[in-house]
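Structure first, then comments.
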Amino acid sequence: MRILLNRSWVWMAVLLIGMAGCAGTQTQDSTGEYIDDASITTKVKSVMVADTEVSAFHISVETIKGVVHLTGSTNTQHESDKAAMIARNVAGVKSVVNDIHIK
């Protein structure tokens, strides 16, 4: 019985250490946050590709803790504004930083 109890503690310690490895810090995303950010980035980019008014190939999208950062260049202010609007309308987006430059 004592051997089983000791093994249980070992497995509990292993599980706790493994779970701590998935936790985030102030400077690093947790595994879940990273996956959420990647999902948001993918959704924003795919909506931009499908939109005829936005040239998605000239706009970079990066998501950090739910904040979408748009960079690159567009031909018009309307295109830049539309890209920001697309990003804002994606579920999970907390805010949008639009650093797109107009050519």
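Keep in mind that this is a model prediction, so the values were computed, not measured.
When every heavy atom of Ala91 is checked against every heavy atom of Ile40, the shortest pair comes out as O-CG1, 3.9 Å. Between Val54 and Ala83, the closest heavy-atom pair is CG2-N, 4.1 Å. Between Lys43 and Val90, the closest heavy-atom pair is CB-CG1, 3.8 Å. For the pair Thr76 and Ile102, the tightest heavy-atom approach, listed with the atom from each and the gap, is O-CD1, 3.5 Å. Closest non-hydrogen pair, Ile59 versus Ser73, comes out as CG1-O, 4.4 Å. Shortest non-hydrogen contact noted between Ala87 and Val96 is CB-CG2, 3.8 Å.
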Where do Ile100 and Gln77 land on the side-chain contact (heavy atoms from CB on, under 4.5 Å) test, with the steps shown first? CA-CA 9 Å; Ile100 298 172; Gln77 183 65 47; over 6 Å; no
Check the pair Arg88 / Val68 against side-chain contact (heavy atoms from CB on, under 4.5 Å), numbers first and verdict last. CA-CA 8 Å; Arg88 279 188 204 95; Val68 176; over 6 Å; no
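Atom OG1 of Thr74 sits about 8.0 Å away from atom CG of Asn98, to the nearest 0.5 Å. Interatomic distance, His58 NE2 to Ser80 OG, rounded to the nearest 0.5 Å: 14.5 Å. Distance NZ/Lys45 to CZ/Phe57: 8.0 Å, rounded to 0.5 Å. The distance from the OG atom of Ser46 to the CG atom of Asp51 is 11.5 Å, given to the nearest 0.5 Å. We find the CD1-NZ distance between Ile64 and Lys94 to be 12.0 Å, quoted to the nearest 0.5 Å.
Lys82 places no side-chain N or O within 3.5 Å of a backbone atom of Glu53 that could act as its donor or acceptor partner. The closest donor-acceptor contact from the side chain of Asp99 to the backbone of His69 lies at 3.5 Å or more, if one exists at all. Counting only distance, with no hydrogens or angles, the side chain of Glu79 and the backbone of Ser55 share a donor-acceptor pair below 3.5 Å. Without hydrogens or angle criteria, Asn89 side chain to Met85 main chain gives a donor-acceptor distance under 3.5 Å.
The one candidate from Asp36, Thr42, Thr41 that meets the side-chain hydrogen bond (donor to acceptor under 3.5 Å, both in side chains) condition with Thr63 is Thr41.
Counting heavy atoms from C-beta outward, Leu70 and Val97 have side chains that stay 4.5 Å or more apart.
Hydrophobic cluster membership differs between Val67 and Val61, with clusters built from Ile, Leu, Val, Met, Phe, Trp and Tyr side chains linked at under 4.5 angstrom.
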